[in-house]
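One structure is given below, encoded as C-alpha cells.
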Amino acid sequence: MSAFDSLLDQIGRRLVRHVTCDVGPARNDTHKDIAQLRRTLQPGDVLLVDGCDRISAAIRYLTQSSWSHAAMFV
C-alpha cells in the first residue's frame with residue numbers, strides 16, 4: 001500500500017466516524033418494540049426511519065424530509 005493510499009484510508013475512516021456519530025437521541029422510541037413490529041407488519045409495508053446520526057441529519061436536510069431512510073418489509 002502506498003503512502004497516498006494509506007492517507008486516503010485514514011481520511012476515509014475519519015469521515016465515516018464523523019458522519020456516523022450520534023447527534024442526539026432518536027425522536028421516537030416506538031422502533032424499540034420489535035415484538036410489536038413483528039405482530040403488526042405485513043409484506044409490502046414501508047417503514048420510514050428517522051436516524052439520529054449525522055448522516056441521517058444530512059439526508060433529512062438535503063431531502064427536506066422528516067425521515068432519513070425507508071425500508072420495505074418482505
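Below, all heavy atoms of this structure are taken into account, side chains as well, without hydrogens, waters or symmetry copies.
For Arg60 (side chain) and Gly51 (main-chain N/O), a donor-acceptor pair under 3.5 Å exists by modelled atom type.
Looking at residues two or more places apart in sequence or on another chain, you find a salt bridge (Lys or Arg N to Asp or Glu O under 4.0 Å) between Arg13 and Asp9. Take Ser6 and apply the side chain to side chain donor-acceptor pair (under 3.5 Å) test, not counting sequence neighbours, and it matches no residue. Checked against side-chain contact (heavy atoms from CB on, under 4.5 Å), Thr63 has the following partners two or more places apart in sequence or in another chain: Ile59, Ser65. Under the side-chain contact (heavy atoms from CB on, under 4.5 Å) criterion, Arg38 pairs with Ile34, sequence neighbours left out. Asp45 meets the salt bridge (Lys or Arg N to Asp or Glu O under 4.0 Å) test with no other residue; sequence neighbours excluded.
The hydrophobic cluster containing Leu62, built from Ile/Leu/Val/Met/Phe/Trp/Tyr side-chain heavy atoms closer than 4.5 Å, also comprises Tyr61.
Summarising the geometry of Leu48 relative to Ala70, their closest heavy-atom pair is CD2-CB, 4.1 Å, with the distance given to 0.1 Å.
For the atom pair Ser68 OG and Asp50 CG, the distance stands at 5.5 Å (nearest 0.5 Å). Going from atom CG of Leu41 over to atom CE of Met72 covers 12.0 Å, rounded to the nearest 0.5 Å.
In the hydrophobic clustering of this structure, Leu37 groups with Phe73; members are Ile, Leu, Val, Met, Phe, Trp, Tyr whose side-chain heavy atoms approach within less than 4.5 Å, directly or through other members.
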